[in-house]
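So the structure is just underneath, and the comments pick up after that.
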Amino acid sequence: MTTTSPAETAASRQIPDDDGTGGVLSGPWRALTLGIVSVVLLLAFEATAVNTAMPTAAQQLDGIGLYAFAFSAYFTTTLLAMVVSGQLCDRRGPLAPLFSGIAVFAAGLVIAGTAVNMWMFVAGRAVQGLGGGLVIVALYVVVGRAFPERLRPAVFAAFSAAWVLPSILGPVISGAVTQHLGWRWVFLAVPVLVLLPLAVMGPALRRSERRQPPLQVQPYDWRRTRDAAMVAVGAALLQYAGQRLDGWSLLPAAAGVALIGPAVLRLLPKGTLRAARGLPTVILLRGLAAGAFFASELFIPLMMQTQRGLSVTMAGLTLAPGGLSWALGSWLQGRPGAERHREAMIRYGFVLTAVAIGAAALVLFSSVPVWVTAAAWAVGGAGMGLAIASISVLMMKLSAPEETGENSAALQLSDALGNVLLTGLAGVLFAALGGGAVSAVASDAALPAGAFAAVFLTMPVVALAGAALSGRAVQARPEVR
């Protein structure tokens, strides 16, 4: 007979009222699905709006040299918040971290929107990261606790679908607001939107939690919080060192490595850094995918504005096809019969992402039309939709109910760490090759093409490494006795 893992057995008992019929918009899951999708919608709109407004904000705050830092600061604080959220979810359920995270996220938007210099702006982004880290892990735990295994691919597809409307309207709205009212209103207007997920999700989530079996209360593991703080501080030191690029930068760089190394080994599943088969490789792949894609994406609006003279709105719209195709890729992985192709979907997703990143940089040649980047990003979005959703499904499948919070936190920790390290690397390459030259931006001169090329040639290598490792994401088949 075929053996069944304890995690799969426990997960099958987690939702006792599932009769095996209906979808995510039927029965007891309708209101909850709409609620969590509204939260993702908020996060998606903020992300697309910020990507569009960020070049203008950095220029007006004389902080183009800290451009990448404004993004990586978000992910640095997210590292700490994710671990805290995972522990709170496993011990008390997802309600508290979810709603407190939404409030903190809104506070960070206000700080960034009222910033008087680039460092205050970066601080606001860091506060946003704290809120975002609390929220995203809590959402994953909601999926693991409230939905049966057969519906989880569809839920993750709905997460991706929630990016479609922001991908289309976000750059248009953000660009128009930035041009006519100022970039600050892109940040100050978003907090109003938190009222929607709070109103929709609250009652549905409370009803869902009342149906769940009681959690096994365990003491709060302060060592994991300490390790998460070490990773966050270490990542910040590495980013600071990358911004200095002088002899003294070796000191904070060495301190950052010394903090991150041992802490990451304790926070991530054993074998993650060596790509051990199964869950460790699943966790590792999430960081490679997210880091390579988003470290490239954040430079596209800046490239389109400074190299090809596009307006804020048009530069932001270059990213819109990626959001649409991401939803398509995620939908495809949730179709009936897709489960047996998980490994292949992850591999092809990484390959598509690598091709897209390399092709996006072709607009550095003046003879290449600007629509090539938009088309390339559509290919990359489809690849990310296939890979990211499949990775999330595998993580849930390999997690016992009492480990869902911790493993969700590990998955998101890998995501954030990949973003921090690869965005930091991209920022170092960009600045080292002249991309941080404020004078060039102030005079409307194009930034050095080599600064962008360095980023868009490095990140495809990371994506191809993910493709090579994808075969290790699926556990070895159990023996038949």
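Just so you know, these numbers use all the heavy atoms, side chains as well, and skip hydrogens, waters and symmetry mates. Position 1 is the first residue of the sequence, and the numbers go up from there.
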Using modelled atom types and a 3.5 Å cut-off, is there a donor and acceptor pairing between side-chain atoms of [X] and backbone atoms of [Y]?
| X | Y | answer |
| --- | --- | --- |
| Ser325 | Gly322 | yes |
| Ser414 | Leu411 | no |
| Ser85 | Ala81 | no |
| Arg277 | Arg472 | no |

TODO: Among residues two or more places apart or on two chains, list those pairs meeting side chain to side chain donor-acceptor pair (under 3.5 Å) that have a residue in residues 121-137.
DONE: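 Of all non-adjacent pairs touching residues 121-137, those that pass side chain to side chain donor-acceptor pair (under 3.5 Å) are Glu46-Arg125, Glu46-Gln128.
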Open item on the list: On a heavy-atom basis, which atom in Gly385 and which in Gln333 lie closest, and how many Å separate them?
Closed with: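 Between these two residues, the closest heavy atoms are O-CG, 4.2 Å.
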Task: Nearest heavy atoms of Pro321 and Thr318, plus distance in Å - done: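 Looking at all heavy atoms of both residues, the shortest contact is CD-O, 3.3 Å.
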Under 3.5 Å, which donor-acceptor pairs do the side chains of residues 230-237 form with other protein atoms, sequence neighbours left out?
none

Partners passing side-chain hydrogen bond (donor to acceptor under 3.5 Å, both in side chains) against [X] (at least two apart in sequence or in another chain):
| X | answer |
| --- | --- |
| Ser390 | Arg342 |
| Arg224 | none |
| Ser330 | Ser160 |

Only counting residues at least two apart or in another chain, list the ones meeting side chain to side chain contact (heavy atoms under 4.5 Å, CB included) with [X].
| X | result |
| --- | --- |
| Thr78 | Tyr74, Met82, Ala416 |
| Ser311 | Gln179, Thr313, Met314 |
| Ala465 | none |

To the nearest 0.5 angstrom, please state how far the [atom1] atom of [X] sits from the [atom2] atom of [Y].
| X | Y | atom1 | atom2 | answer |
| --- | --- | --- | --- | --- |
| Phe452 | Gln307 | CZ | CD | 4.5 Å |
| Met303 | Leu310 | CE | CG | 10.5 Å |
| Leu457 | Met459 | CG | CE | 10.5 Å |
| Thr272 | Lys270 | OG1 | NZ | 11.5 Å |
| Phe187 | Leu109 | CZ | CG | 7.5 Å |
| Trp183 | Leu188 | CH2 | CG | 8.0 Å |

Output side-chain donor-acceptor pairs under 3.5 Å for residues 260-267, partner residues at least two apart or in another chain, one line each.
unit_1	atom_1	unit_2	atom_2	d
Arg266	NE	Asp227	OD1	3.1
Arg266	NE	Asp227	OD2	3.0
Arg266	NH2	Asp227	OD1	2.9

Determine whether [X] and [Y] make a side-chain contact, defined as any pair of heavy atoms from C-beta on separated by less than 4.5 Å.
| X | Y | value |
| --- | --- | --- |
| Leu319 | Pro301 | yes |
| Leu80 | Thr225 | yes |
| Leu433 | Pro448 | no |
| Leu134 | Phe105 | no |

Acceptor/donor pairs from residues 280-299 side chains to any protein atom, 3.5 angstrom cut, sequence neighbours excluded:
unit_1	atom_1	unit_2	atom_2	d
Thr281	OG1	Ala275	O	3.0
Thr281	OG1	Ala276	O	2.6
Arg286	NE	Asp415	OD2	2.8
Arg286	NH1	Tyr140	OH	3.4
Arg286	NH1	Ser392	OG	3.2
Arg286	NH2	Tyr140	OH	3.3
Arg286	NH2	Asp415	OD2	3.4
Ser296	OG	Ala292	O	2.9
Glu297	OE2	Trp377	NE1	3.0

Would you be so kind as to tabulate the donor-acceptor pairs closer than 3.5 Å made by side chains of residues 360-375, with sequence neighbours excluded?
unit_1	atom_1	unit_2	atom_2	d
Thr373	OG1	Ala360	O	2.9

Cut-off 3.5 Å, no hydrogens considered: what does the side-chain donor-acceptor table look like for residues 345-356, sequence neighbours left out?
unit_1	atom_1	unit_2	atom_2	d
Arg347	NH2	Glu343	OE2	2.8
Thr353	OG1	Gly349	O	2.8

TODO: Please assess Leu79 against Leu417 for the test side chain to side chain contact (heavy atoms under 4.5 Å, CB included), listing each intermediate value before the final yes or no.
DONE: CA-CA 7 Å; Leu79 293 169; Leu417 190 59; 3.9 Å; yes
